[in-house]
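Each remark here refers to the structure printed beneath this line.
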Amino acid sequence: MHDSTTATAVRVTVDECITMPDGSMVELRGWVANKSDIGSLAFILLRDGSSYIQLVGKKGVSNDDVMKVMKDVSIESAIVVRGILRSDARALNGKEVLVKTIEVIARAEEPWPINKSTVRSASFLYDNRHLSIRGMKSSSIMKIRSELIKAAFDFFYDRGFTFITAPSIVGTAVEGGATLFELEYFGKKVYLTQSAQFYEEAAICSFGKVFTMQPAFRAEKSKTPKHLTEFIMIEAEVAFNTQEDNMRLQEDLLAYICNRIVEKRKRELDILGRRLNTVERPFPRIKYDEVRETAIKHGIDFEWGEDVPTEAERLVSKMFTQPFFITDYPISARSFYHMCREDDPRITLSSDLIAPEGFGEIATGGQRIHDYNTLLERIRSNNLPLESFRWYLDLRRYGMPPHAGFGIGVERVLRWVCNLKHIRATSLFPRTITRVYP
RNA sequence: GCCGCCGUAGCUCAGCGUGGUAGAGCGGCUGGCUGUUAACCAGUCGGUCGUCGGUUCGAGUCCGACCGGCGGCGCCA
């Protein structure tokens, strides 16, 4: 199907196309996101990954072959079209392309399984995630995710951090043993990593400042809207940093990420109906004791020393419109490697970073024990297998300075940024306690 | 690991209390329409009621076990 007038067509993306002047002859490649034909009119909504644009065919204006193909083409078929760009108030975003030639490159079978009825079923959409990710909403979330990840890399590289990767296959747990995925490794039992932290602690004596961004695995049987069994964690560790430095680094990172998304991904946020504001620093800080007092005032009671229950965390989270820190956690609510305050050995130098509006915890950080004997004592009093932590302890024998770090969950941040009910929407192919397909 | 709820058409659900051979809306398909956007109009197809067993003349409906899913808690990023 060739037409001499289309010979000069310039191949562009929809994004580029939209900025061109009316009358431009363009070639677009993409998929039929939607179509409707009304008697002698044929409409196709074209998606090419950059954006959407309406294609139009008119009997008497477009030739008969073009009209036939436009009416027959199935939803989600891959096509190449050439046509004339023009403004029309009736089209999406006020622009459309009058089709001159159309070629079906890969015809999709009919019917396309996702329609306005099946879209009401979350489990259907996740069972068909390999198809449903083509949708406007899920692709917007993924574009924001991509921006978030780039912003994080830019942030750390600009500040002289070295990017490292840690093994996903590990011999021992970082924290408790119950939350590990076990697998067989040449006749030995090994585990999928929960955190890169210990490896980062080794690396700081080589690089000073390091960060990672890689999958972490948790076998927690957590059926909640904020848990995935596999997720991406950004972790940073810095030699000579105090907990104060550590919190400043976290708020700088999160503010940088949020402000970048607000600036660059307005369109995607609009599609999601999310009004996200830029983030101000410093973030508010409240102490564990204050959280507990507030919770008790609202009838949520818990013992001093227990971790903050979800209900209390949500209550406090809803009181803020900006991310904030909870600090000064009791040692009983924290892992063995946390350093304690000099003036109060019951309190750790650690924090949780909490997203507002009820979303809750997105990061945890703290200053680590750098003294050999203190760490040894802590491993023993927690009844942990000394042999497993030999190398971790060994680091403290060879010039380990005070240091601090944190881990921030990419999907947790994204869930808040996009205002999503469930964290599974933040992952292209989410892994939850009940889902490993597709 | 604990508590609660739900499995009936492709999807969302009604029917179950008082047992008597299955319903709606949406979607799909076919046709119509010169401005569609969650189109509209007409027609049409569509179900071993999660599985197995029990009670009964008869079970979608009552009982039991199992399987699957959802919501919440604990734990966490």
Side-chain angles (χ1 to χ4, degrees), chain A residues 33-45 52-62 67 70-71 74-75 88-94 96 98 110-128 136 174-180 194-197 213-235 250 254 300 302 306-314 333-335 352-355 359-365 406-416 421-424 426-427 432-435:
Chain A
N34 211 343
K35 55 172 265 192
S36 62
D37 54 85
I38 288 115
S40 327
L41 281 166
F43 297 101
I44 288 174
L45 184 64
Y52 293 80
I53 194 166
Q54 174 164 282
L55 310 177
V56 62
K58 285 191 183 194
K59 195 175 183 180
V61 178
S62 311
M67 285 305 287
M70 284 188 76
K71 286 184 174 235
S74 52
I75 286 185
D88 190 310
R90 293 166 296 191
L92 177 80
N93 301 326
E96 65 183 17
L98 181 64
E110 292 179 285
W112 172 246
I114 296 159
N115 55 48
K116 78 171 188 189
S117 192
T118 57
V119 85
R120 293 167 66 187
S121 166
S123 64
F124 181 89
L125 290 181
Y126 283 100
D127 285 344
N128 291 281
M136 209 178 268
V174 171
E175 328 218 345
T179 64
L180 287 158
Q194 305 167 293
S195 162
Q197 181 196 320
M213 192 179 310
Q214 60 185 70
F217 306 88
R218 305 276 168 96
E220 294 151 355
K221 290 190 173 174
S222 304
K223 264 183 277 183
T224 82
K226 49 186 250 186
H227 283 87
L228 294 167
T229 52
E230 177 179 358
F231 62 99
I232 303 295
M233 188 150 63
I234 299 169
E235 292 177 273
Q250 288 175 65
L254 188 60
I300 307 161
F302 62 97
E306 285 177 20
D307 203 355
V308 178
T310 299
E311 201 185 353
E313 185 189 277
R314 192 178 301 124
R334 290 306 211 200
S335 298
D352 278 357
L353 178 53
I354 312 292
F359 282 93
E361 184 182 341
I362 56 177
T364 294
F406 63 89
I408 183 164
V410 165
E411 291 83 359
R412 290 255 175 112
V413 176
L414 192 59
R415 178 175 173 239
W416 163 63
K421 276 220 280 274
H422 202 292
I423 197 166
R424 64 189 166 211
T426 63
S427 177
T432 64
I433 186 168
T434 55
R435 189 170 291 286

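Order of the sequence lines sets the chain letters (A, B, ...), proteins ahead of strands, with each chain counted from 1.
- Counting non-hydrogen atoms under 4.0 angstrom, A:R415 reaches nothing in the nucleic acid.
- Here A:E96 pairs with A:R86 under the salt bridge (charged side-chain N to carboxylate O under 4.0 Å, His left out) rule; sequence neighbours left out.
- In this structure, A:L180 places its CG atom 13 Å from C1' of B:C75, rounding to the nearest Å.
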Generate the contact string for nucleotides 7-12 of chain B. Rules: B means base contact, S means sugar-phosphate contact only, - means no protein heavy atom under 4.0 Å. ---BBS

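- Nucleotide B:G4 has B:C70 as its partner under the Watson-Crick or G-U criteria, with both atom distances under 3.5 Å.
- In this view, A:K221 and A:I433 satisfy the side-chain contact (heavy atoms from CB on, under 4.5 Å) rule, not counting sequence neighbours.
- In this structure, A:R314 has no salt bridge (charged side-chain N to carboxylate O under 4.0 Å, His left out) partners at least two apart in sequence or on a different chain.
- With sequence neighbours left out, A:E230 forms a salt bridge (charged side-chain N to carboxylate O under 4.0 Å, His left out) with no residue at all.
- Every residue was checked against the side chain to side chain donor-acceptor pair (under 3.5 Å) condition with A:T426, not counting sequence neighbours, and none meets it.
- Of the candidate nucleotides B:G72, B:A77, B:G69, B:G69 has the atom lying nearest to any side-chain atom of A:T434.
- Remark: A:S74 pairs with A:S77 by the side chain to side chain donor-acceptor pair (under 3.5 Å) rule, at least two apart or across chains.
- Contact between the side-chain N/O atoms of A:K116 and the OP1/OP2 oxygens of B:C26 is not found at any separation under 4.0 Å.
- Distance CZ/A:R412 to CG/A:L228: 8.5 Å, rounded to 0.5 Å.
- The side chain to side chain donor-acceptor pair (under 3.5 Å) search around A:R334 returns A:S350, A:D352, not counting sequence neighbours.
- B:C40: Watson-Crick or G-U partner is B:G32, with both key distances under 3.5 Å.
- For the salt bridge (charged side-chain N to carboxylate O under 4.0 Å, His left out) test, no residue two or more places apart in sequence or in another chain qualifies with A:R120.
- Taking only side-chain atoms of A:R424, from C-beta outward, the nucleotide of B:C26, B:C75, B:C70 with the closest atom is B:C70.
- Residue A:T310 has its side chain nearest to B:G74 when only B:C76, B:C70, B:G74 are considered.
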Please tabulate, one pair per line, each protein N/O and nucleotide N/O from nucleotides 1-3 of chain B that are separated by under 3.5 Å, including the distance.
residue: B:G1; atom: OP1; partner: A:K221; partner atom: NZ; Å: 2.5
residue: B:G1; atom: O6; partner: A:K221; partner atom: O; Å: 2.7

Name the pairs: protein N/O against N/O of nucleotides 33-35 of chain B, kept only if under 3.5 Å.
residue: B:C33; atom: N4; partner: A:D37; partner atom: O; Å: 2.9
residue: B:U34; atom: OP2; partner: A:S40; partner atom: N; Å: 3.1
residue: B:U34; atom: OP2; partner: A:S40; partner atom: OG; Å: 3.3
residue: B:U34; atom: O4; partner: A:K59; partner atom: O; Å: 3.4
residue: B:G35; atom: O6; partner: A:K58; partner atom: NZ; Å: 2.8
residue: B:G35; atom: O6; partner: A:R86; partner atom: NH2; Å: 3.0
residue: B:G35; atom: N1; partner: A:E96; partner atom: OE1; Å: 3.3
residue: B:G35; atom: N1; partner: A:E96; partner atom: OE2; Å: 3.1
residue: B:G35; atom: N2; partner: A:Q54; partner atom: NE2; Å: 2.8
residue: B:G35; atom: N2; partner: A:E96; partner atom: OE1; Å: 2.5

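- Residues that satisfy the side chain to side chain donor-acceptor pair (under 3.5 Å) test with A:K35, not counting sequence neighbours, are absent from this structure.
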